[in-house]
Amino acid sequence: MVTRRRIKQFAVFAGLFIALFIHKAAANQRNSLFSNVTIGLGATYNLNTKAKGVLGRIDTEVFPRTKLIAEYTYFPKYVSTIPEYESVGISEYYIQGFLAFNIIEYKGFKTFIGAGGSASKWINNNEFSRAASRTTNLSGDALLGVQQQIKKINLFSEFRYNLFWGEYHIQAGIGIFLYQKNKSSKKSLADAVACPKFNF
């Protein structure tokens, strides 16, 4: 059984891993770190349980072609496909983190793959006559996605697989750039300050 203590340990480990990754990226390639930061909203659909949910996310590029994705997904009450839980709708949320890599880039269009982890919480477990043994779970996840950038707007669509439950999700949404580094504006010190010439 996954306890709150395990969830906290997982969160601390994930946080340290992300912090170490960002520190390494900053040390090796400062000009690429946080070159694009977007925040977005979307909808998701579970192909196995037929559950519909909403999501909020933020992602940032940490290397060329590589980005981190942090996401919160909420599923309102839906009818479970498990017979013993059909009488009451299930409500749950997921907190997820992914590292994704762009395998195709063409102008504003990108195709990417990624892997990460998630922590889920069954919110209304106490409404059932027989409480489930697991109200919180940790899982690994894989994703395949596409995105299209239109100026400061980012449209995305993804297909995901949850390793713990063996479930498939499809989702889509829209994001907006909070910060976008202008690579063309970079100038060296030599370009910015001209050295004076002296004639003797």
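Residues P76 and Y74 meet the side-chain proximity criterion, which asks for heavy atoms closer than 4.5 Å. The closest side-chain heavy-atom distance from L99 to F63 is not below 4.5 Å. Here the side chains of L41 and L55 are not in contact, with every heavy-atom distance at 4.5 Å or above. At least one side-chain heavy atom of Q171 sits less than 4.5 Å from a side-chain heavy atom of R57. Between Y161 and H169 there is no side-chain heavy-atom pair separated by less than 4.5 Å.
Here the straight-line distance linking atom CD1 of I95 with atom CG of L138 works out to 11.0 Å at 0.5 Å rounding. Atom OG1 of T136 is separated from atom NZ of K121 by 5.5 Å, given to the nearest 0.5 angstrom. Between the CD1 atom in I58 and the CD1 atom in I69 there is a gap of 11.5 Å [rounded to 0.5 Å].
T111 is linked by a side-chain contact (heavy atoms from CB on, under 4.5 Å) to I103, I104, F109, L144, V146, counting only residues two or more places apart in sequence or in another chain. The salt bridge (charged side-chain N to carboxylate O under 4.0 Å, His left out) test applied to E92 returns no partner, not counting sequence neighbours. Contacts of L143 classified as side-chain contact (heavy atoms from CB on, under 4.5 Å), with partners at least two apart in sequence or in another chain: F98, F112, E158, R160.
Placement of Y94 and Y45 in two distinct hydrophobic clusters is found when ILVMFWY residues are connected by side-chain heavy-atom separations under 4.5 Å, directly or transitively. Note on Y72 and I123: same hydrophobic cluster, where clusters join Ile, Leu, Val, Met, Phe, Trp and Tyr whose side-chain heavy atoms are under 4.5 Å apart, directly or indirectly.
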| field | side chain to side chain contact (heavy atoms under 4.5 Å, CB included) between T38 and F156, intermediate numbers included | value | CA-CA 11 Å; T38 64; F156 63 89; over 6 Å; no

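In terms of heavy atoms, D141 sits closest to Q96 at OD2-NE2, 4.1 Å. N48 and E167 get closest at one heavy-atom pair: OD1-CA, 3.2 Å. Residue N162 comes nearest to S139 through the heavy atom pair OD1-OG, 3.0 Å, listed as atom of the first residue, atom of the second, then distance. Taking both residues in full, the closest heavy atoms of S91 and F75 are given as OG-O, 3.2 Å, listed atom of the first, atom of the second, then distance. Nearest heavy-atom pair, N154 versus F177, reported as atom, atom and distance to 0.1 Å: CB-CE1, 4.3 Å. Closest approach of T49 and N46 over heavy atoms only: N-OD1, 3.0 Å.
Checking side-chain atoms of E105 against main-chain N and O of K107 turns up no donor-acceptor pair under 3.5 Å.
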